[in-house]
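Here the structure is laid out as structure tokens; the discussion comes afterwards.
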Amino acid sequence: MNVISRIYQHWQHFLHNEALKEKIYAIVFESDTRKGKLFDIILIGSITLSVILVILESMHVFPHSAYLALRILEYVLTLFFTFEYLARIYCLKKPQKYIFSFFGIVDLLATLPVYMSFFIIGSHYLLVIRAFRLIRIFRIFKLFTFINEGNLLLRSLWISAPKILIFFFFVLILVTSMGTIMYMIEGNVPDSGFNNIPNSIYWAIVTMTTVGYGDITPVTPFGRFISAVIMLIGYTIIAVPTGIVSATMVSEHNKLKKRRCPRCDREGHDFEALYCKYCGAKLKIEKQPESINERPNDERF
């Protein structure tokens, strides 16, 4: 009974050890310390190596012994990623913000499949297990957290999402209308690929995106005219989402340049900077979407 009580006390002390949490936080989340930089380098190398393992495993050109070595190395990397995931949860005051963030979900999806392969047993489940293991490739998304430009791109996409969604809805209406028109024009032609509206909508999507598989082609002169019109429309609308995101990126970049220090009133600070690089004063924390930001701010304690 005393042993259980001691274990419980040690566990409670571990859960509420704020000094240990601060040290782990500085290593896992901060990149401006020596240990933090070393951890980031190890993490980047592990992510890259894990992605390479997934690619090599899919090639099926190595002997069985080599695949066994790759599997053991993957288990070691999975243990490291599991430790990293639990460490991030442990050192945060509000771990749910990380758990339900984009990169928190990516970390979980990239780690779980290896553990699931131990519990899902049976020959008819092998293909399912292999599909789950391919989710490990999502670890490559974690590399965005080490690139400021990547964070700027993700933030711009997040801000532009409502406009792009409206534009996508407009394109959906357009291809549905064009597909229906082509079905009315080409549907009665013998051996026509426009034999139903879903096939006609599929053709409209392929044509408007300028992919042009050629599996379905119009035969009548009027149908070819409509096809040419859709192609020209496709060239004009493809650039719209790019323009929306580009304009947002320029706007966000200008905001970064205009970020001022409250003490020395100088500009040009990085988005994630907590202190002025000129005088050392604390900067105002810029609000950003939590779903694309893995690193929390300094309000942990």
Side-chain angles (χ1 to χ4, degrees), residues 7 10-11 14-15 20-21 23-31 33-92 95 98-151 153-154 211 213 291-295:
I7 294 175
H10 285 299
W11 177 251
F14 172 75
L15 291 179
L20 178 61
K21 289 183 179 181
K23 293 180 180 179
I24 295 177
Y25 181 88
I27 296 174
V28 174
F29 284 103
E30 299 292 343
S31 59
T33 63
R34 185 175 181 180
K35 293 182 180 179
K37 291 179 179 179
L38 178 60
F39 180 81
D40 286 348
I41 293 173
I42 295 175
L43 184 58
I44 292 174
S46 301
I47 294 169
T48 306
L49 179 59
S50 178
V51 173
I52 293 175
L53 289 179
V54 177
I55 296 174
L56 293 177
E57 189 178 351
S58 67
M59 295 175 64
H60 305 290
V61 294
F62 299 101
H64 177 72
S65 58
Y67 283 108
L68 181 61
L70 293 177
R71 187 63 57 86
I72 294 175
L73 184 57
E74 173 58 30
Y75 290 154
V76 174
L77 290 174
T78 299
L79 289 176
F80 172 72
F81 290 128
T82 303
F83 169 78
E84 179 221 354
Y85 181 77
L86 295 177
R88 292 181 186 274
I89 295 176
Y90 169 74
C91 67
L92 292 176
Y98 164 71
I99 294 174
F100 296 104
S101 67
F102 172 77
F103 287 105
I105 295 174
V106 167
D107 291 347
L108 183 62
L109 289 178
T111 307
L112 277 182
V114 178
Y115 295 106
M116 294 178 64
S117 63
F118 292 113
F119 300 100
I120 304 178
I121 303 175
S123 59
H124 57 290
Y125 287 120
L126 291 179
L127 293 177
V128 178
I129 295 173
R130 179 173 295 178
F132 279 137
R133 290 178 63 83
L134 290 178
I135 302 177
R136 291 174 295 166
I137 203 74
F138 287 156
R139 289 173 184 162
I140 200 169
F141 285 106
K142 288 166 61 64
L143 295 177
F144 269 103
T145 60
F146 303 99
I147 307 173
N148 289 332
E149 290 77 8
N151 288 329
L153 175 60
L154 290 176
V211 175
Y213 290 126
S291 59
I292 63 172
N293 181 30
E294 179 190 23
R295 177 180 175 181

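The analysis underlying the following values was restricted to heavy atoms, covering all of them including side chains, and did not include hydrogens, waters or symmetry mates. Residues: numbered from 1 along the sequence shown.
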Derivation of the side-chain contact (heavy atoms from CB on, under 4.5 Å) call for Phe29 and Ile24: CA-CA 8 Å; Phe29 284 103; Ile24 295 177; over 6 Å; no

Between [atom1] of [X] and [atom2] of [Y], what distance do you get to the nearest 0.5 Å?
X	Y	atom1	atom2	result
Leu108	Phe100	CG	CZ	10.0 Å
Leu73	Leu53	CG	CG	5.0 Å
Leu77	Thr82	CG	OG1	10.5 Å
Ile72	Tyr67	CD1	OH	15.5 Å

Can you name the nearest heavy-atom pair linking [X] to [Y], along with the distance?
X	Y	value
Leu92	Tyr25	CD2-CE1, 3.9 Å
Lys21	Tyr90	CE-O, 3.5 Å
Val28	Asp40	O-OD1, 4.4 Å
Asp107	Tyr85	CB-CD1, 3.7 Å

Just by distance, do the side chain of Ser50 and the backbone of Ile47 share a donor-acceptor pair under 3.5 Å?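 Such a contact is absent between Ser50 side chain and Ile47 backbone.
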
side-chain contact (heavy atoms from CB on, under 4.5 Å) partners of Ile42, counting only residues at least two apart: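 For Ile42, the residues satisfying side-chain contact (heavy atoms from CB on, under 4.5 Å) (neighbours in sequence not counted) are Leu38, Ser46, Phe80.
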
Test item: Phe81 and Leu43 side chains (from C-beta on) under 4.5 Å apart, heavy atoms: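 Of all side-chain heavy-atom pairs linking Leu43 with Phe81, at least one is under 4.5 Å.
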
